[in-house]
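Below is one structure, written out as structure tokens; comments come after it.
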Amino acid sequence: EQGSGGSRSEFSDMRAYLLAKLMWNPKTNMDSVLLDFGKGYYGAGQPAVWGYIHDLTEQLQRVGNRLWIYNIPQNEPFLDGDLLGKHLGKLLDAETLLRGDSVRRRRLLAARLPISFARVERAKTDSLFMQDMLADSPEQFRKAFQSFAENCRAVGFESLHEMGYSPEQYVDDFVTFLEKGRVALRSTAFAPVLDTPASPTYAKGNANELTNGCVGETDYRYNWLGFQGADLKATVQMKTDSITHIAVSFLQDQQSWVFFPERVVFEISENGTFFQQAQEETLDIRQDGKKAVKTVEVRFSEPRAAKFVRVTGVNVKTCPAWHSCNGNPCWIFADEIVVY
């Protein structure tokens with residue numbers, strides 16, 4: 001049996017207690033153990049915690065999912081937004097019942113922080129939510145969200161995953177995410193047309209992912225469009241007749257066979273038939289174990305007449321000779337074609 005080791009995580013105290021009871025007696029009734037633990041650990045807040053665990057378990061069984069240690073909230077359908085919102089409210093109400101009990105109030109705070117995290121993470125793939133979120137400045141958001149990091153520290157959540165990702169770094173990265181989103185939403189491009197379909201495994205292969213305003217971070221499992229062994233070639237029509245800026249971002253995660261393209265080409269056209277090259281950039285693909293995002297862009301000193309823009313990312317096609325999986329078809333992941 002395995003728990004959280006020396007660090008705290010969601011319900012880590014409850015999980016450790018249950019595992020200890022099961023190792024003492026594998027036939028013990030788990031519900032009885034959890035109810036008994038909850039009454040002592042959460043006091044008057046126990047019904048709210050138990051209701052949350054019960055509903056989340058039922059939802060998981062309803063959608064037919066299995067739990068996997070490395071999945072993310074964006075890809076977990078059992079983390080229903082309405083359900084999370086309902087139980088966040090109930091846990092907050094339960095805290096008011098424990099005004100004179102600072103220890104148990106802190107335990108209820110620890111129970112609701114993962115809900116806040118899941119809701120924020122799922123919002124990253126919601127373009128309408130992002131538009132509302134970006135109505136505030138990044139610094140206003142930072143001040144509002146700083147309490148999340150402070151609360152994590154208060155209850156002993158020192159990292160958000162096993163690689164030591166601190167709550168403070170998470171807040172910094174989310175502000176950066178919002179800043180990039182603000183730039184992406186300036187784009188005047190319609191949804192693109194792809195010469196080669198994207199892999200349906202990621203973002204369901206939906207070409208709209210490239211212009212929906214939800215930017216990709218360093219996790220290829222959300223907000224990225226993937227092409228394995230194939231090039232990205234996307235043509236977007238503009239809402240305007242002239243442009244001053246074109247940009248597109250690519251992901252590197254070599255451990256997962258994800259490489260930057262070897263070459264990126266921008267072309268513009270006034271009629272969608274005849275294209276003129278605006279810029280070509282060659283990228284240096286070298287052995288690098290770090291995940292990274294690279295934005296390739298061109299800025300024109302004067303507005304250029306254009307109604308269409310074509311973006312090409314040339315895939316190296318197979319993992320390089322120095323890679324442990326050399327010769328296998330590799331990936332490029334692209335996101336947010338921004339044109340204005």
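Everything numeric here is computed off the predicted structure, so don't read it as measured data. Positions are given from 1, in the same order as the sequence printed here.
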Would you tabulate the side-chain donor-acceptor contacts of residues 202-215 under 3.5 Å, counting partners in other chains and residues two or more places apart, or write 'none'?
from: Asn206; atom 1: OD1; to: Asn208; atom 2: N; distance (Å): 2.9
from: Asn212; atom 1: OD1; to: Cys214; atom 2: N; distance (Å): 3.0

Extract all donor-acceptor atom pairs below 3.5 Å that involve side chains of residues 308-324 and protein atoms in other chains or at least two apart in sequence.
from: Arg310; atom 1: NE; to: Glu267; atom 2: OE1; distance (Å): 2.9
from: Arg310; atom 1: NH2; to: Glu267; atom 2: OE1; distance (Å): 3.3
from: Arg310; atom 1: NH2; to: Glu267; atom 2: OE2; distance (Å): 3.3
from: Asn315; atom 1: OD1; to: Lys317; atom 2: N; distance (Å): 2.8
from: Asn315; atom 1: ND2; to: Phe227; atom 2: O; distance (Å): 3.4
from: Asn315; atom 1: ND2; to: Ala230; atom 2: O; distance (Å): 3.0
from: Asn315; atom 1: ND2; to: Cys330; atom 2: O; distance (Å): 3.3
from: Lys317; atom 1: NZ; to: Asp231; atom 2: OD1; distance (Å): 2.7
from: Lys317; atom 1: NZ; to: Asn315; atom 2: O; distance (Å): 3.0
from: His323; atom 1: ND1; to: Cys325; atom 2: N; distance (Å): 3.0
from: His323; atom 1: NE2; to: Gln254; atom 2: O; distance (Å): 2.7

List the atom pairs, with distances to 0.1 Å, where a side-chain N or O of residues 105-113 and a protein N or O form a donor-acceptor pair under 3.5 Å, not counting sequence neighbours.
from: Arg105; atom 1: NE; to: Glu95; atom 2: O; distance (Å): 3.4
from: Arg107; atom 1: NH1; to: Tyr41; atom 2: O; distance (Å): 2.9
from: Arg112; atom 1: NE; to: Glu95; atom 2: OE2; distance (Å): 2.4
from: Arg112; atom 1: NH2; to: Glu95; atom 2: OE2; distance (Å): 3.3

Using atom types as modelled, flag every donor-acceptor pair under 3.5 Å from a side chain in residues 154-164 to any protein atom, sequence neighbours excluded.
from: Ser159; atom 1: OG; to: His161; atom 2: O; distance (Å): 3.3
from: His161; atom 1: ND1; to: Met163; atom 2: N; distance (Å): 3.1
from: Glu162; atom 1: OE2; to: Tyr70; atom 2: OH; distance (Å): 3.1

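Look at Lys180 and Glu217 and you find no salt bridge, because none of the NZ, NE, NH1 or NH2 atoms lies under 4.0 Å from a carboxylate O. Checked for salt-bridge contact, Asp219 and Arg221 meet the test: a charged N lies under 4.0 Å from a carboxylate O.
For an aromatic pair to be called close, the ring centres must be under 6.0 Å apart, and Phe250 with Phe260 fails this. Taking the six-membered ring where the residue is Trp, the centroids of Tyr52 and Trp50 are separated by 6.0 Å or more.
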Could you walk me through whether Arg153 and Glu150 pass salt bridge (charged side-chain N to carboxylate O under 4.0 Å, His left out), step by step? CA-CA 5 Å; Arg153 289 295 182 185; Glu150 292 169 358; over 6 Å; no
Walk me through whether Arg299 and Glu297 qualify under salt bridge (charged side-chain N to carboxylate O under 4.0 Å, His left out). CA-CA 7 Å; Arg299 297 178 184 272; Glu297 59 186 346; 3.5 Å; yes
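Phe117 is connected to Phe177 through a chain of hydrophobic side-chain contacts under 4.5 Å among Ile, Leu, Val, Met, Phe, Trp and Tyr, so both are in one cluster.
Met30 CE: 12 or fewer foreign heavy atoms inside a 6.0 Å radius. Around the NZ atom of Lys21, the shell of radius 6.0 Å holds no more than 12 heavy atoms that belong to other residues, nucleotides or ligands.
Looking at Thr28, its side chain never comes within 3.5 Å of a backbone N or O of Asn25 through a donor-acceptor pair.
Residue pairs meeting the side chain to side chain donor-acceptor pair (under 3.5 Å) criterion with at least one member in residues 183-201, sequence neighbours excluded: Ser199-Thr201. Legend: side chain to side chain donor-acceptor pair (under 3.5 Å) pairs involving residues 79-89, not counting sequence neighbours, sorted by first then second residue: Asp55-Lys86, Asp55-His87.
Cation-pi check for Lys239 over Phe190 is met; the charged atom lies under 6.0 angstrom from the ring centroid and within 45 degrees of its normal. The side-chain tip of Arg15 does not point at the ring of Phe11 from less than 6.0 angstrom away and within 45° of straight on.
Atom CD in Gln169 sits 14.0 Å away from atom CZ in Phe174 (nearest 0.5 Å).
Heavy-atom minimum distance, Pro303 versus Thr244: CA-CG2, 3.8 Å.
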